[in-house]
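Quantities reported herein were computed from a predicted structural model and do not represent experimental measurements. Every chain is numbered from 1, with letters handed out A, B, ... down the list of sequences.
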Amino acid sequence: MTYLFIGVSVMWIGILVYMGRLFQQQKQVSQQLDNMKNEARQ
Amino acid sequence: MIQRFIDPIKLILTGITAILIGIQLYMVFFFAPIEKYMGIVQKIMYFHVPTAFVAFAAFGVVFGAGILYLITKNKKWDYLAVSSAEIGVLFTTFVLILGSMWARPVWNTWWVWDDPRLVTSLILWFIYVAYLLIRTSVKGEERHRKFAAVFGIIGFIDVPLVYFSVLWWRTIHPKVIDENGANMPPEMANTLFFSMFAFMVLFATMLLYRYVLESQREKVKEIRQHSMSERTDF
């Protein structure tokens, strides 16, 4: 039971951390693109 | 134009993935029977095998996208290849961890160095970690894309080696799926195949998120380079 619990937890925590990192980077890149669009308009 | 459809597609795919993973977890813990000899730890199989198939699929995408990049020189194939390689490395890491977690109570060891399935899987992990490192170390944008595409194509040779290693060589690794299908009772087989399907949808969702990020990141880079060259023209 312990091995199953640890193995599956490591996998799901890994996937969630990876996706969290992707969301954060996506947010930054979208912000940068918006800033560039605004600069171009000005 | 396409960008407008990306966000709803992302949302729909995320919702479908969440539902499928919920059903998968229910099937693993409440539907599939507990194996007679290994006990509950055998349920690791419903995560270990699907993560391995996702890794194979991810490296298959790297292989296909690499070929298409070399033929068309369209950067989009390169974005797809790097996105898929990253997810492939992540899932190969899970394959190795989950495999060790299953091996410890069943084989009484974390790792067996003379087992072809285990060693070829570890080599696969090293190949695609190297693939990701190469992308940052080779100078010249066009050159590193070309080099990475070739590396990704050659690296894929290890995938059939991993898959067929249990059939070609002597190994203690179980043959879960062979030419006769899944060697287990129907409840276990159905749970395993559903898990593989759910994880493939999870892979598609993750790949979409990662691909969109990569293409937008490159767009920012291109705009920056363009504005820099405009400034130096004055």
Side-chain angles (χ1 to χ4, degrees), chain A, chain B residues 3 7 10 14 17 21 25 28-29 34 38-48 50-51 54 83 86-87 89-91 93-106 110 199 202-203 205-224 226-227:
Chain A
M1 184 71 183
T2 316
Y3 292 105
L4 172 71
F5 178 75
I6 294 171
V8 174
S9 302
V10 166
M11 185 193 76
W12 280 113
I13 291 168
I15 290 173
L16 291 175
V17 168
Y18 179 75
M19 289 309 285
R21 215 190 96 226
L22 280 191
F23 282 127
Q24 211 176 5
Q25 288 178 349
Q26 181 64 60
K27 213 172 141 186
Q28 283 173 355
V29 171
S30 301
Q31 188 80 48
Q32 282 172 337
L33 273 174
D34 284 343
N35 290 346
M36 282 170 171
K37 274 180 198 164
N38 289 338
E39 273 175 31
R41 268 189 216 130
Q42 283 167 5
Chain B
Q3 204 58 45
D7 284 340
K10 269 183 178 175
T14 308
T17 307
I21 293 297
L25 289 172
V28 169
F29 293 107
I34 294 173
M38 286 185 268
I40 200 155
V41 77
Q42 179 270 344
K43 286 182 187 282
I44 287 183
M45 177 189 74
Y46 305 114
F47 302 94
H48 177 65
T51 47
V54 167
S83 306
E86 204 176 277
I87 298 168
V89 167
L90 184 73
F91 276 83
T93 310
F94 297 146
V95 172
L96 297 172
I97 293 171
L98 288 165
S100 289
M101 287 288 171
W102 192 5
R104 182 69 185 90
V106 176
W110 296 102
F199 272 71
L202 171 70
F203 165 59
T205 309
M206 290 172 79
L207 187 60
L208 178 68
Y209 276 94
R210 182 64 185 82
Y211 173 80
V212 171
L213 172 68
E214 187 66 23
S215 56
Q216 290 195 349
R217 206 187 259 162
E218 288 295 322
K219 205 171 169 185
V220 168
K221 218 160 111 186
E222 274 172 23
I223 295 171
R224 270 202 191 127
H226 184 71
S227 60

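How far CD of E86(B) is from OH of Y18(A): 3.5 Å, rounded to the nearest 0.5 Å. Interatomic distance, I97(B) CD1 to M11(A) CE, rounded to the nearest 0.5 Å: 10.5 Å.
With a threshold of 4.5 angstrom between heavy atoms, L213(B) approaches chain A through its backbone and through its side chain. With a 4.5 angstrom heavy-atom cutoff, K221(B) does not touch chain A via any of its atoms. Within the 4.5 angstrom heavy-atom criterion, only side-chain atoms of F29(B), from C-beta onward, approach chain A. Contact annotation for I40(B): both backbone and side-chain heavy atoms come within less than 4.5 Å of a heavy atom of chain A. Interface residue I44(B): backbone and side-chain heavy atoms are both found under 4.5 Å from chain A. Using a 4.5 Å cut-off between heavy atoms, M19(A) contacts chain B through its side chain alone, with no backbone atom that close. In this structure, no portion of T205(B) lies under 4.5 Å from any heavy atom of chain A.
Contact of the M36(A) side chain with the R224(B) side chain is registered, since non-hydrogen atoms from C-beta on lie closer than 4.5 Å. For the pair Q26(A)/K10(B), a side-chain contact is recorded, criterion being any heavy-atom separation below 4.5 Å from C-beta on.
Side chains of R217(B) and Q25(A): a donor-acceptor N/O pair is present below 3.5 angstrom, by distance only.
The residue among F94(B), F47(B), F91(B) with the most heavy atom pairs within less than 4.5 Å of chain A is F94(B). Heavy-atom pairs under 4.5 Å with chain B were tallied for I15(A), I6(A), V10(A); the largest tally goes to I15(A). Between chain A and the residues I87(B), I223(B), V220(B), V41(B), the largest count of heavy-atom pairs under 4.5 Å involves V220(B).
Taking every heavy atom of both residues into account, M101(B) and G7(A) meet most closely at CG-CA, 3.9 Å. Contact between K43(B) and L4(A) at its shortest, heavy atoms only, is C-CD1, 3.8 Å. Contact record, Y3(A) with P105(B): CD1-CG, 3.6 Å, taken as the closest heavy-atom pair.
Relative orientation of the F23(A) and Y209(B) rings is perpendicular, given thresholds of 30° and 60° on the angle between their planes.
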